[in-house]
Number of protein chains: 2
Amino acid sequence: MTQVICTVDMVLLTLHEERLKVALLKRDREPFKGVAALPGGFVHTNEDHDVRDAAMRVLKEKTGIDAPYLEQLATFSGAARDPRGWSLSIAHYALVSYEVIDRAGHPDVKLVSVDRSLSLPFDHRLILETAVSRLRSKSQYSSLPCYLAGETFTLPQLQKVYEILMGEPLNKVSFRRKITEMDMLEAIDGEFESAGAHRPAQLYRLKPHFKKQLQLLERGL
Amino acid sequence: MTQVICTVDMVLLTLHEERLKVALLKRDREPFKGVAALPGGFVHTNEDHDVRDAAMRVLKEKTGIDAPYLEQLATFSGAARDPRGWSLSIAHYALVSYEVIDRAGHPDVKLVSVDRSLSLPFDHRLILETAVSRLRSKSQYSSLPCYLAGETFTLPQLQKVYEILMGEPLNKVSFRRKITEMDMLEAIDGEFESAGAHRPAQLYRLKPHFKKQLQLLERGL
DNA sequence: ATAATAGTGTCTGTCAGACACTATCGA
DNA sequence: TCGATAGTGTCTGACAGACACTATTAT
C-alpha cells in the first residue's frame, strides 16, 4: 500500500450579472502551474482539525474569504486524476454574495460563468458540475439560495436568485407563499430598497436561527 | 504535514422482520479488536482504481456480497476519530435484499436494527445515522427503496418497504399512481405471488434501464 | 360461501399557478 | 398623471388521499 495524496478542493459559487459563477485561481505551482483551477490544497494534519477545517483554511488562504455557507460535496479519487500519483480530494462548495468576493478584492480570483464549457485541470470539471448540480437540486426545496443573496435582500431579489438557479421564471404568489411557509426570514423594520421609479421593496434577512441551518420544504417550489 | 490514514467504511443496509437493519462485523484486529463495527478497510492504491472500488472490494472481502446499489455517503475525518492518528474514512452505503445476505451466509455478519441505540467504535454511530438519514430522505422522492426489495417483488411488498423507510402508512392508490408515474417497473408476465387465501399479486422487476440509475419524482410520495 | 388481500374507479378537499387588483415610488 | 415594480386577494384546474367497489385466491 503506497501513500495517498490527500487534498481539499473548493467550489466557491456566487451570482454576478444574472449568472451563476465559480471562482477560479491560477495555480502557483506544478502540476498545471499557471492554469486556472479550483482553489485547493493539501490536508495539514498538524493544523486542521478535520477536512472541513482544511477546506475553510484553504479558502481563506487562497481567496481571503470566510464563507457564510460551506458544505462537503463529495470525495473524488483515483490513480489517474493527479499526475503526482494516487490521490483523493475531498471537495467542498461554498456560497457567497458577490459583495463578499468584491470586498475581499483578491486580484488573482477570476469569476467565470459555470454555464460556459470550461476546460479545467485534474477532474475539476467533474467536481464543478457536481457542485452546480447539487446546488440546483437543493434550491428546489430549501433555503440554500439565500446565502447567494447576501446579508439583506428584498423578496423580488431573492426570487430572481431562485429563478437564476432553477433556470425558469417562478410564480410570484406561489414563491411568496413558500417563503412565508419556510418562516425563515424577518423583515427589517422600516428598511426598504428603492430601485427606481416605483414602490420600494421591504428588506429582509435570515432569522438568526437559520444562519447555519437550512430550512427545508415538504414539497418544492 | 504528517501521514493521513485513508480508509473506507461500508454501511450495508437491508430489511428484515419489518425493520431496517445494518450489517456489523466483529473487528479482527486492533484498535477495538472484537468489537462489532461497520465493515471497513484501508484504501489500497495498488489494487483499487478509486475509493468506490475500495468500498466494493472491502464489502466483498468482509461479507462476500456484491451489492446491487452502492453509493458514496460522505467523508468523515479528524485527529480524534481513530486512536492510530489523523484519519479519514470515505463512507459508502449499500442496499441489498435480505436474501442476498442470507445467501452469502457469512457467519460473522450480524444484522442489527438501526433504531436500537447502538454503541459503535470510532465515529461509526455518526456514519450510520448519516446513512440512514440519507436513505430515508431519498426514499421520499426516488426509486432507491427498490434495491431493498430484491430482484422481483409485488406492489404490496414494495409499498411495505417504502412504509418501513418512511415510518408511516401510505395511501395505496396514491402509491400506485406514483409508481406508475415513475415508469420504472415491468410486470413479469404470468408471474404471481400467492401469499395465502386471497388474490395473488403480480410480480414486478426494475426495468433494465433503471438497474444502475435512480428514478426521481418531481414531487415526493 | 367467506375471509382475506389485490387491484381499480371515483369523489373531494387542498394547493399551486393565473389573473387581477391595489400600493407606492420617480418623473 | 403615468409608468413601473411591490405586494395581495381570489378563482380555478390539477392532484393527493379517502372511500368504495370489484377480482381472485384458500378454506
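In the text below, chain A, chain B and the rest are named by the order of the sequence lines, each starting its count at 1. The model shown is predicted, which means the values in this text are computed figures rather than measured ones.
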Only pairs under 3.5 Å count here: list side-chain donor-acceptor contacts from residues 90-107 of chain A, not counting sequence neighbours, and write none if there are none.
residue: A/H92; atom: ND1; partner: A/I90; partner atom: O; Å: 3.1
residue: A/Y93; atom: OH; partner: A/E71; partner atom: OE1; Å: 2.4
residue: A/H106; atom: ND1; partner: A/D108; partner atom: N; Å: 3.4
residue: A/H106; atom: NE2; partner: A/K62; partner atom: O; Å: 3.3

Provide the start and end nucleotides, 5' to 3', of the part of DNA chain C that has atoms under 4.0 Å from heavy atoms of chain A.
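Answer, 5' to 3': C/dA16 to C/dG26.
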Could you list the donor-acceptor pairs under 3.5 angstrom formed by side chains in residues 189-197 of chain B, with sequence neighbours left out?
residue: B/E193; atom: OE2; partner: B/Q157; partner atom: NE2; Å: 3.0

Basic-acidic side-chain contact under 4.0 Å: A/E151, A/R205:
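Looking at A/E151 and A/R205, the cut-off is not met.
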Hey, is A/R136 close enough to A/D115 for a salt bridge, meaning N to O under 4.0 Å?
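Answer for the salt bridge query: yes.
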Quick one, which residues of residues 144-157 of chain A touch DNA chain D with a heavy atom under 4.0 Å?
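Here the set is A/P156.
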Strand-adjacent residues in residues 160-199 of chain A, judged by heavy atoms under 4.0 Å from DNA chain D
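Of all residues in residues 160-199 of chain A, the ones placing a heavy atom under 4.0 Å from DNA chain D are A/K172, A/V173, A/R176, A/A197, A/H198, A/R199.
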Filter on salt bridge (Lys or Arg N to Asp or Glu O under 4.0 Å), then keep only pairs touching residues 168-179 of chain A, sequence neighbours left out; what's left?
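Matches after skipping sequence neighbours: A/K178-A/E181.
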What pairs with A/I164 under side-chain contact (heavy atoms from CB on, under 4.5 Å), at least two apart in sequence or on another chain?
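Counting only residues at least two positions away or on another chain, A/I164 forms a side-chain contact (heavy atoms from CB on, under 4.5 Å) with A/L15, A/E18, A/K160.
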Return the set of residues passing side chain to side chain donor-acceptor pair (under 3.5 Å) with B/D50 (not counting sequence neighbours), or none when no residue passes.
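Checked B/D50 against side chain to side chain donor-acceptor pair (under 3.5 Å); zero matches.
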Under the rule for side chain to side chain donor-acceptor pair (under 3.5 Å), what residues qualify as partners of B/D53, not counting sequence neighbours?
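Not a single residue meets the side chain to side chain donor-acceptor pair (under 3.5 Å) criterion with B/D53.
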May I have all residue pairs that pass ring-ring contact (aromatic ring centres under 6.0 Å, His included) and include part of residues 158-183 of chain B, sequence neighbours excluded?
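Those involving residues 158-183 of chain B are B/Y162-B/F175.
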So if I take the C1' atoms of five pairs at each end of the helix from C/dA1-D/dT27 to C/dA27-D/dT1 and get each local axis, what angle do the two axes make, rounded to 10 degrees?
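So the angle between the two local helix axes works out to 0°.
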When the side chains of residues 140-149 of chain B are checked against the rest of the protein, which donor-acceptor pairs come out under 3.5 Å, sequence neighbours left out?
residue: B/S142; atom: OG; partner: B/K138; partner atom: O; Å: 2.8
residue: B/S142; atom: OG; partner: B/L144; partner atom: N; Å: 3.1
residue: B/S143; atom: OG; partner: B/Q215; partner atom: N; Å: 2.8
residue: B/Y147; atom: OH; partner: B/F210; partner atom: O; Å: 2.8
residue: B/Y147; atom: OH; partner: B/K211; partner atom: O; Å: 2.9

